[in-house]
There are 2 protein chains.
Amino acid sequence: MAKHDPDLSRVFHALSDPTRRAIVAALAQRPLPVTALARPTGLSLPTVLKHLACLEEAALVVTEKQGRTRICRLHPAPLAVAEGWLGAQRTEWEARTDRLESYALALMKEART
Amino acid sequence: MAKHDPDLSRVFHALSDPTRRAIVAALAQRPLPVTALARPTGLSLPTVLKHLACLEEAALVVTEKQGRTRICRLHPAPLAVAEGWLGAQRTEWEARTDRLESYALALMKEART
DNA sequence: TAAATACTTTGCCAAATGGCTAAGCATGAT
DNA sequence: ATCATGCTTAGCCATTTGGCAAAGTATTTA
């Protein structure tokens, strides 16, 4: 039952923090260097770097050093994976409610005879 | 920028643990009492109850006491909210790559004249 | 009424998380 | 060569997390 899926765990964990979600949202618009990401958060640079490391471990962000600045880009594939998992659960749930509904309809039809 | 969205934080955090995802997946099939959820995890009951509390705080699960057993059901709305957030980020990212592509195409066309 | 079942509460623990400051290193500008 | 910029590393701290065992409460069931 409990298939340990380290990827999903890392992605969901990365997205569970508002600072990291803000970083993802910013990088969805355009690549940015670390300092530009840090400024609007009001957090210290080392703190933001830790958040970035967390996002990189989840493969949500890739970075590349250019001279003395590090450019960060969004890597959207894990977003799609997470989205797929969520959709699958919703689909399962909806399939069950559909089965319940048709069962209820069948009962009503039978009661009418 | 960093709109602290406690709902999303709680939902993503709840889903960041494999045990809790397994619980969600099980409840997507059908409602279950606590012990039935605990059995396949191999974890102690108090531990599973803590996971359930976490899922309830995220509004992913609702429970109802029937006699001495507590029935747990999936509440799929937060799944849809999380899915929506993920989709929005992907959409933003795709919009940007589309803009880049048409810009590149325009450059190529101009170069040809 | 007594025993089994199904949680529930309490208290404990090690490890991870999210934050900081201070000090270091590498590169671009003067 | 010097200085400012932009990251990096190292260490510290309080809180949270995920796990457990033990003991309690509330409902069946016998």
Side-chain angles (χ1 to χ4, degrees), chain A residues 1-27 30-58 60-73, chain B residues 1-27 30-58 60-73:
Chain A
M1 176 187 188
K3 51 181 64 178
H4 42 56
D5 189 333
D7 282 2
L8 269 183
S9 291
R10 272 193 269 266
V11 172
F12 282 132
H13 171 250
L15 297 177
S16 73
D17 181 279
T19 300
R20 290 193 291 263
R21 283 200 305 281
I23 290 176
V24 166
L27 294 182
R30 60 207 158 307
L32 286 171
V34 176
T35 333
L37 283 173
R39 197 172 26 246
T41 69
L43 296 174
S44 73
L45 211 43
T47 300
V48 171
L49 279 169
K50 254 201 245 182
H51 285 305
L52 272 175
C54 179
L55 288 165
E56 282 201 68
E57 272 173 31
L60 280 164
V61 165
V62 293
T63 72
E64 170 201 359
K65 193 112 190 206
Q66 286 185 359
R68 67 182 159 179
T69 86
R70 176 175 295 281
I71 303 299
C72 309
R73 296 174 205 288
Chain B
M1 175 187 189
K3 52 180 62 180
H4 41 58
D5 191 331
D7 282 2
L8 271 182
S9 291
R10 272 194 268 266
V11 171
F12 283 132
H13 171 250
L15 296 177
S16 73
D17 181 279
T19 299
R20 289 193 291 264
R21 283 200 305 280
I23 290 177
V24 166
L27 295 181
R30 59 207 161 305
L32 286 171
V34 176
T35 331
L37 284 172
R39 197 171 28 244
T41 69
L43 298 174
S44 73
L45 212 42
T47 300
V48 171
L49 279 169
K50 254 201 244 182
H51 285 304
L52 272 175
C54 179
L55 289 164
E56 282 201 68
E57 271 173 32
L60 280 164
V61 165
V62 292
T63 72
E64 171 201 0
K65 192 109 190 206
Q66 285 184 1
R68 68 183 159 178
T69 85
R70 176 175 295 280
I71 303 298
C72 309
R73 295 174 206 289

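Everything numeric in this text was worked out from a predicted model, so none of it was measured. Lettering follows sequence order; numbering is per chain, from 1.
A distance of 9.0 Å separates CZ in R70(A) from CD in E64(A), rounded to the nearest 0.5 Å.
Close to dC20(D), at under 4.0 Å from its OP1 or OP2, lies a side-chain N or O of T47(B). In terms of phosphate contacts, K65(B) brings a side-chain nitrogen or oxygen within less than 4.0 Å of OP1 or OP2 of dT8(C). For dT17(D), the OP1/OP2 oxygens have a side-chain nitrogen or oxygen of H13(B) closer than 4.0 Å.
If you find the closest nucleotide of DNA chain D to K50(A) and to R68(A), the one lying nearer the 5' end belongs to R68(A).
Distance, Q66(B) CD to dC7(C) P: 11 Å, rounded to whole Å. For the pair D17(A) CG and dT17(D) P, the computed distance is 12 Å after rounding to whole Å. Rounded to whole Å, atom P of dG19(D) lies 13 Å from atom CG of L52(B). For the pair L45(A) CG and dG19(C) P, the interatomic distance rounds to 14 Å; values are reported in whole Å. The distance between atom CG of L49(A) and atom P of dG24(C), rounded to the nearest whole Å, is 18 Å.
Among the heavy atoms of the strands lying under 4.0 Å from S44(A) is at least one base atom, whether or not backbone atoms are also near. Among the atoms of the strands shown, base atoms are found under 4.0 Å from some heavy atom of P46(B).
When the nucleotides dG19(D), dA6(C), dG18(C) are ranked by their closest atom to the side chain of T35(B), dA6(C) comes out on top.
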